[in-house]
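Reviewing the structure listed below.
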Amino acid sequence: MNAAPEESALMRSTTVLLERLLRPRMRDIVTVEPVTGGVAALAGVAPRRDAPPVFVKAFAEAPAEDVFLAEAQGLAALRELGGVATPEVILADRELLVLSMLGPRPHSEAFWEQFAHVLARMHLSTTHSRFGWHHDNWLGRRRQINTWNDDGYAFFAQHRLLRWLEQPRVDAALDAGDREALERLCHRLPDLLPDRPACLTHGDLWVQNILATPDGQPALIDPAVSYMWAEVDLAHVWSTSPPPEARRMFEVYADLTSLDSGWQARMPIVQLRQHLAVLAQFDDDWGAADQIRAVLAPFRKRS
C-alpha cells in the first residue's frame with residue numbers, strides 16, 4: 001500500500017533534514033522526527049546521543065544562500081536589542097538552521113500578560129529614526145526589502161504592500177480594480193494610520209511563532225525583523241486566531257504603550273501586508289485573497 005500524500009511528504013522531509021545534519025559537527029544525530037505547523041520550510045526535532053535534542057529547519061530548495069544566516073541575525077537582534085528570549089543558534093549555513101529546543105506555550109492568561117510586557121518593552125525601548133534594516137532578509141520564501149526610508153508611510157506602501165503586486169499569484173488573484181484600490185489606500189495611509197516612530201519589530205509574529213523557554217517564559221522564533229511600526233506585530237497576533245487566554249494580552253499591551261482606543265479598527269489595514277505575502281507564496285491562501293478584497297472594497301472606484 002502506498003503512503004498517504006501527507007505521510008510521504010513527512011518521510012521526504014525527514015530524509016532531507018537527516019542528510020543535511022550528517023556532517024562532522026552533528027555526527028551524534030541518528031534520526032529526525034518531523035514536526036508540523038510551519039508553512040514555508042521543512043522542520044524536525046533531532047535527538048542526540050550526548051546532548052539535548054535540537055530543532056532543525058531546511059528548505060528542499062533554498063530560495064537563496066543567505067536565508068538562514070538572515071534568520072539567525074534576526075534572532076540575535078530580538079535577543080540583544082529587544083531583550084526577548086529566542087532559541088540558541090547552534091548552526092546556520094546555506095542549507096540548514098539548527099536551534100536549541102523551545103517548548104509549547106502554557107495555556108494561561110499569565111503567560112500572555114507576560115508576553116504583553118515583553119512585546120511592549122521591545123517596541124518602546126528600540127525606537128529608531130528611520131524605517132528599514134541594515135540589510136534585506138526573508139519572509140517565508142520571499143525576500144523582504146528593507147531599504148532605509150525616513151517616511152514610514154512611504155516605506156510601508158512601497159516595501160510592505162505594493163511590492164507584492166508583481167508576484168504571479170497576487171497578479172492572478174487581484175483584478176485591475178483591486179490593484180488600483182491598493183494604490184489609493186497607499187496614497188491615503190497618512191489619513192488612515194497614526195504617525196508612529198519606527199521600532200524593532202519581529203515582522204512575522206503570528207501566534208505559532210510565540211513559544212516558551214524551558215522555564216515557561218515567552219520566546220520568539222522565525223523573525224523577519226526591521227525597524228517598522230509596532231502595530232505590524234500587534235496586527236499579526238491579533239489576526240491569527242490567538243487563544244481565549246490571550247484576551248488580556250491586548251489590554252495590557254495597550255495600557256503599557258498608551259495605545260489609543262481606535263487601534264482595533266486599524267488592524268485589517270496593517271495586516272494587509274501579511275495577507276499579500278501569504279497570497280504570493282502559497283497555493284492555499286487560507287482566505288487571504290478574500291480578506292484583501294474586503295479591506296480594499298472602500299477604495300475601489302464606484303462604477
Side-chain angles (χ1 to χ4, degrees), residues 40 59 62-82 84 92 94 97 122-123 125-171 174 179-206 209 220 222-236 266 269-281 288 292 295-296:
F59 289 98
E65 293 189 359
D66 67 336
V67 61
F68 290 132
L69 177 60
E71 183 170 339
Q73 292 170 339
L75 291 169
L78 292 176
R79 181 174 60 255
E80 296 167 10
L81 301 177
V84 180
R94 63 184 302 273
L97 182 67
M122 180 179 79
H123 289 159
S125 66
T126 58
T127 56
H128 197 275
S129 60
R130 306 186 74 191
F131 294 81
W133 193 244
H134 315 290
H135 51 75
D136 293 346
N137 45 31
W138 292 83
L139 182 66
R141 297 182 61 88
R142 295 294 185 274
R143 188 171 288 278
Q144 176 168 273
I145 308 302
N146 293 321
T147 306
W148 291 109
N149 198 312
D150 295 331
D151 185 331
Y153 299 114
F155 180 87
F156 188 68
Q158 181 178 358
H159 298 314
R160 297 297 183 262
L161 297 181
L162 296 175
R163 61 90 71 220
W164 297 107
L165 292 181
E166 65 187 26
Q167 297 293 311
R169 286 190 175 95
V170 176
D171 183 59
L174 302 184
R179 290 189 287 274
E180 291 173 1
L182 181 60
E183 291 171 355
R184 290 190 198 94
L185 180 149
C186 287
H187 183 71
R188 290 192 53 198
L189 281 174
D191 302 322
L192 300 169
L193 302 176
D195 187 12
R196 299 282 199 241
C199 66
L200 178 65
T201 56
H202 177 282
D204 194 12
L205 196 58
W206 70 308
N209 283 344
L220 299 180
D222 291 353
V225 297
S226 67
Y227 287 112
M228 188 53 215
W229 295 319
E231 289 186 12
V232 167
D233 283 345
L234 187 67
H236 210 166
R266 298 192 293 271
I269 292 175
V270 178
Q271 188 65 1
L272 259 181
R273 173 263 195 160
Q274 197 63 29
H275 293 323
L276 287 161
V278 168
L279 181 59
Q281 298 187 62
I292 292 166
V295 175
L296 295 180

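For this chain, numbers begin at 1 and follow the sequence in order.
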Determine the minimum heavy-atom distance between Leu139 and Trp164, stating which atoms define it. CD2-CZ2, 4.1 Å
Between Gln73 and His135, does any side-chain donor sit less than 3.5 Å from a side-chain acceptor? yes
With Asn149, which residues qualify under side chain to side chain donor-acceptor pair (under 3.5 Å), at least two apart? none
Side chain to side chain donor-acceptor pair (under 3.5 Å) involving Asp222 - partner list, sequence neighbours excluded: Lys57
Look up atom CD1 in Ile292 and atom CG in Leu174, then write down how far apart they are to the nearest 0.5 Å. 5.5 Å
Name the orientation class of the two ring planes belonging to Tyr227 and Trp148 (parallel below 30°, tilted from 30 to 60°, perpendicular beyond 60°). parallel
So, for Val270 and Ala235, which heavy atoms are closest and what is the spacing to 0.1 Å? CG1-CB, 3.8 Å
Tell me the salt bridge (Lys or Arg N to Asp or Glu O under 4.0 Å) pairs involving residues 154-167, sequence neighbours left out? none
Any idea which heavy atoms bring Asn209 and Asp204 closest together, and the distance? ND2-O, 2.8 Å
Mind checking what makes ring-ring contact (aromatic ring centres under 6.0 Å, His included) contact with Phe68, not counting sequence neighbours? Phe59
Excluding sequence neighbours, so at least two apart, what forms ring-ring contact (aromatic ring centres under 6.0 Å, His included) with His123? Tyr253
For residues Val225 and Gln144, report the shortest heavy-atom separation together with the two atoms involved. O-NE2, 3.4 Å
Name each donor-acceptor pair under 3.5 Å that joins a side chain in residues 180-197 to protein atoms two or more places apart or in another chain, with its distance.
residue: Arg184; atom: NH1; partner: Phe299; partner atom: O; Å: 2.8
residue: Arg196; atom: NH2; partner: Asp260; partner atom: OD1; Å: 2.9

Are His159 and Trp133 close enough that their ring centers fall under 6.0 Å? no
Separation between CZ (Phe156) and CG (Asp151), nearest 0.5 Å, reads 12.5 Å
